[in-house]
Amino acid sequence: MRYAYLGPAGTFTEAALRQVASPDEAEYLPQVDVVSAIEAVRDGRADLAVVAIESTVEGGVTATLDSLASGEPLVLLREVLVPVQFTLAAAPGVALADVRRISAHPHAWVQCRRWLAHRLPDVVHVPATSNTAPAALLQRAAAGELTGELGFDAALVPPAAVDTYGLTPLAQDVADNPQAVTRFVVVGRPGDVPPPTGADKTTLVVHLPDNEAGALLAMLEQFATRGVNLSRIESRPIGDALGRYSFSIDAEGHVADERVAEAIMGLHRRCPYVRFLGSYPRADAVEPTVHVGTSDADYVAARRWVADVRDGRAT
Ligand SMILES: O=C(O)C(=O)C[C@]1(C(=O)O)C=C[C@@H](O)C=C1
């Protein structure tokens, strides 16, 4: 299998990919950003992509959500969680007191903002395309492979990247939230839906009817009345006009669960656009609370009763 992911080597995304397939059994295809990783699946250069979709600090990863919300349909097949803490690292010979400009992925920067404000209040952020792109540049500059000024003195990198790129750690365990976790998903072309495990998640993109008071409430009621809990919901601009938003939703449960199927049938009846982005096992294996009257058996029994009523066999 060929896996596209955010590179170069040593990103947190690669740590997520390693949980899915070892480099001995899979071909790793590092990409410059998440959009390129997703497009690599669409245009057939990769079989699957591993991309960040949500973090405890920033919420949804908008580049991923937007790439999946439109364009050729893709589905999520699995999720993986990676704890995220950074090391501030530089080329050998550089000390913390020399650091004026730090290169970091924007998501890394926001995850370390308070630490930086406290320890290095005057440093300037130099945005990077990934957590290891600046590490690779620091290594090449130290080896004399680059001409001109690098533009930064240090970088926020995943701890393992310090050795990979021959850097010197200046500060370890850099993170405002020691419990920070990023959630990654495996993205593939539509095909068989992973079987239900009892602890699953279903991801959807939903557009609401235009100019309809209460349309958001009506959409949410499709889940609420069936006892389906949502673990994430956020709005993203559709892009064709101001005021038009799509909703990116993670619902607890699998499309094979009667209550989830009924909820998304309700969405299909009420909403102008629904994109099914997959049902897949939850990484934390937490099973949903099944409320009274919303189990599969309850739905099957209710459907049988209606069939009997229609046939004149029940009242
Ligand atoms: O995978 C990496 O290392 C990245 O640079 C990406 C990314 C992200 O997109 O959220 C991954 C984990 C951290 O949350 C910060 C950045």
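All ligand and atom numbering here is 1-based and tracks the order in the structure. In this text, all values refer to a predicted model and were calculated from it rather than measured experimentally.
Between Glu72 and Arg42 there is no salt bridge, since none of the side-chain N atoms of the basic residue sits less than 4.0 Å from a carboxylate O of the acidic one. In summary, Asp200 and Arg282 do not engage in a salt bridge, as defined by a charged side-chain N under 4.0 Å from a carboxylate O. We find that Arg270 and Glu221 are not joined by a salt bridge, their nearest charged nitrogen and carboxylate oxygen being 4.0 Å or further apart. The pair Arg100-Asp153 does not count as a salt bridge, with every side-chain nitrogen at least 4.0 angstrom from each carboxylate oxygen.
Between Phe12 and Tyr5, the distance separating the two ring centers is not shorter than 6.0 angstrom.
Shown in contact with Thr13 at under 4.0 Å from a heavy atom are these atoms of ligand 1, numbered in order with element: 1 (O), 2 (C). Per-residue contacts place Leu6 under 4.0 angstrom from the following atoms of ligand 1 (heavy atoms of the residue considered): 4 (C), 5 (O), 6 (C). Distances below 4.0 Å separate heavy atoms of His105 from the following atoms of ligand 1: 5 (O), 9 (O), 16 (C). Interface of Ala52 with ligand 1, defined as ligand atoms under 4.0 Å from a residue heavy atom, comprises 8 (C), 9 (O), 10 (O).
Looking at Thr182 against ligand 1, only its side chain comes within 4.0 Å, counting heavy atoms.
On a distance-only criterion, Phe86 and ligand 1 share no N/O pair closer than 3.5 Å. Polar contact with ligand 1: present for Gln111 (N/O pair, distance under 3.5 Å).
When Val50, Val110, Asn131 are checked for heavy-atom proximity to atom 7 (C) of ligand 1, Asn131 turns out nearest.
Of all protein heavy atoms, the one closest to atom 8 (C) of ligand 1 is His107 ND1, 3.1 Å.
Contact check for Phe247 versus Val205: no side-chain heavy atoms found under the 4.5 Å cut-off. Phe184 is not listed as a side-chain neighbour of Val20, based on a closest heavy-atom distance of 4.5 Å or more.
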